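When a residue number appears, it is its place in the shown sequence, counting from 1. This is a predicted model, so every value here is computed, not measured.
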Amino acid sequence: MNWKRNKGSISWKAPSNIALIKYWGKKETQLPLNPSLSLTLKNCHTVTEVSFEMGGANKRPHLEFVFHGQKKDEFLEKIQVFLKRTKNLYPFIQDLKKLTISSSNSFPHSSGIASSASSFCALAFCFESVHAELSSEAFSAERAGAAARLGSGSACRSAFPGYNLWGKFEKGGGADEKAVHIDNIHPKFYDLKDAILVVSSAVKSVASSAGHSLMQDHPYANGRIEQAKNNCLKVLEFLEEGAIWELGAVIEEEALSLHALMLSSNPGYVLFRPNTLKIIEEIKTFRKKKNIPLFFTLDAGPNPHLLYLGRDEELVKVFIMEKLRPFCEQGEVIFDEAGDGPEILESRFE
């Protein structure tokens, strides 16, 4: 096939996200068992550059993946799966001669801070830009988000700024194939802060993909699906009304429910670390003493996220540095906040 361009490169920066309502378990090809809802972050992000050369004539392209300047062949299988799943969305994939993907994170990968979400979102937006350049179709963030889901389910929630819902359910709307941006948010929640307490930067003992598969025969699967639906409806209401205390209670319930599902899987496993529990107890004590709305959540890893309003930032930061930082690996705390979604950095086509 004759393409408008023969080669080029494109780079995007895409954010991670923190799930307020957790996605756990999937069906078919990257479709969720339950709806989820997340906040797109700002500082935790992946930068990905895609360099390509056309003319492969339907043969498998020469593929390279570089992470933080080092070739990582162990990631190639995941990328091959992504290429296979997205070739109908992006027909140029079938005529690639060479594809080089260079990626870097601003935070530890595979440690429970949704690095796959930011990574596949950045990659999908690169592909979307290439598609728009090579074809006559306009750039579509929605299509890029749908493509990102085919690499990592939660990646579709990183395609838009602010708060996003993924998963179709009664009364709440949403869609299984892509995330839906939530517009009716109380102004105070646009200034929500997220401090990530890095208890461990080590690669998780059990990958999220393996954890999702254990939900297929989980004894509590049906109850979890209903819990997530009900909590989604509550959170949508609380976000609109500005009900921070009520929102926080659901957020913490969701975090503990997620890890309870891991504990009760077959085989069961634990991603908490002793310092994870110590941090949670310190947060509860401080909240009760100061009557300040700050709440914890966790993704599938040991590193708590501490969510709080911008108006309380000064006091909370003192608490973090004095009481929580000693429980973190090498004292690492990542201060983040609500973000604006993916950003194109550079493009060059020939």
So, the side chain of His45 versus the backbone of Asn43: is there a donor-acceptor pair under 3.5 Å, distance only? yes
Do the ring centers of Trp12 and Phe120 come within less than 6.0 Å of each other? no
Spatial distance of atom OG (Ser116) from atom CG (Leu123) [nearest 0.5 Å]: 12.0 Å
Could you measure the distance from the CD atom of Glu332 to the CG atom of Leu197? Nearest 0.5 Å is fine. 10.5 Å
Shared ILVMFWY cluster between Ile225 and Leu256, side chains joined below 4.5 angstrom? no
Starting at SG of Cys232, measure out to CZ of Phe169 and round the result to the nearest 0.5 Å. 4.5 Å
Would Trp245 and Phe238 count as a close aromatic pair, with their ring centres under 6.0 Å? no
Asp340, CG atom: more than 12 neighbouring heavy atoms under 6.0 Å: no
Distance from His62 atom NE2 to Leu99 atom CG, nearest 0.5 Å? 9.5 Å
For Val199 and Pro304 the tightest heavy-atom approach is CG2-CD, 3.8 Å
How close do Leu271 and Pro302 get, counting heavy atoms only, and between which atoms? O-CB, 3.1 Å
Please check this pair: side chain of Lys204 against backbone of Gly301, looking for a donor-acceptor N/O pair closer than 3.5 Å. no
I'd like to know if the side chain of Thr40 reaches the main chain of Arg157, judged simply by a donor and an acceptor atom lying under 3.5 Å from each other, with no hydrogens or angles considered. yes
Check whether Asn164 reaches the backbone of Ala179 with its side chain - one donor and one acceptor, N or O, closer than 3.5 Å. no
Let me know which of Lys289, Lys288, Lys290, Lys284 forms a side-chain contact (heavy atoms from CB on, under 4.5 Å) with Phe286. Lys290
State whether Glu253 and Lys234 are salt-bridged, where the test is any N-O pair (Lys NZ or Arg NE/NH1/NH2 against Asp/Glu carboxylate O) under 4.0 Å. no
May I ask you to decide whether Lys193 forms a salt bridge with Asp312, counting only side-chain N to carboxylate O separations under 4.0 Å? no
Does the side chain of Thr46 pick up a donor-acceptor pair with the side chain of Ser118 at under 3.5 Å? yes
Rounded to the nearest 0.5 Å, what separation is found between the CG atom of Leu298 and the CD1 atom of Ile196? 11.0 Å
Keeping the roles fixed (side chain from Arg149, backbone from Ser154), state whether a donor-acceptor pair exists under 3.5 Å. no
Can a donor-acceptor pair be found, under 3.5 Å and without considering hydrogens, that links the side chain of Arg325 to the backbone of Gly331? yes
Within the distance-only criterion (no hydrogens, no angle test), does the side chain of Ser158 pair as donor or acceptor with the backbone N or O of Pro15 below 3.5 angstrom? yes
Can you establish whether the number of heavy atoms outside Glu74 located under 6.0 Å from its atom CD is more than 12? yes
Hey, is Glu254 close enough to Arg224 for a salt bridge, meaning N to O under 4.0 Å? yes
Should the pair Glu281-Lys278 be classified as a salt bridge under the 4.0 Å nitrogen-to-oxygen rule? no
Donor-acceptor side-chain pairing of Ser11 and Glu346 below 3.5 angstrom: no
Check the pair Asp299, Lys22 against salt bridge (Lys or Arg N to Asp or Glu O under 4.0 Å), reporting the backbone distance first and the verdict last. CA-CA 8 Å; Asp299 273 343; Lys22 307 300 181 181; 3.1 Å; yes
Can you tell me how the ring of His181 sits relative to the ring of Phe160, calling it parallel under 30°, perpendicular over 60° and tilted otherwise? tilted
Taking Thr276 for the side chain and Arg273 for the main chain, is one N or O donor matched with an acceptor at less than 3.5 Å? yes
Using a cut-off of 6.0 Å, state whether more than 12 heavy atoms not belonging to Lys188 lie near its atom NZ. yes
Linking I/L/V/M/F/W/Y whenever their side-chain heavy atoms sit closer than 4.5 Å, directly or via other members, would Leu236 and Tyr23 fall into one cluster? no
Backbone of Phe189 reached by a side-chain donor or acceptor of Tyr163 within 3.5 Å: yes
Quick one: do Ile279 and Leu277 end up in the same hydrophobic cluster if we chain Ile, Leu, Val, Met, Phe, Trp and Tyr together by side-chain heavy atoms under 4.5 Å apart? yes
So, do Pro61 and Lys97 sit near enough that their side-chain heavy atoms are less than 4.5 Å apart? no
Say whether, by atom type as modelled, one donor and one acceptor occur between the side chain of Asp336 and the main chain of Leu41 under 3.5 angstrom. no
Could you go through residues 80-92 and list every donor-acceptor pair under 3.5 Å that involves a side-chain atom there, pairing it with any protein atom two or more places apart or in another chain?
from  : atom 1 : to     : atom 2 : distance (Å)
Arg85 : NH1    : Leu150 : O      : 2.8
Thr86 : OG1    : Phe82  : O      : 2.7
Tyr90 : OH     : Glu128 : OE1    : 2.6

Does a salt bridge link Glu137 with Arg143, judged by any charged N lying under 4.0 Å from a carboxylate O? yes
Validation row, ring centre Phe272 to ring centre His259 under 6.0 Å: yes
Would you please classify the geometry between the Phe65 ring and the Phe75 ring as parallel, tilted or perpendicular, with 30° and 60° separating the classes? tilted
Sidechain N-carboxylate O distance under 4.0 Å for Glu282, Lys323: no
Under a 4.0 Å threshold between the charged nitrogen and the carboxylate oxygen, would Glu170 count as salt-bridged to Lys229? yes
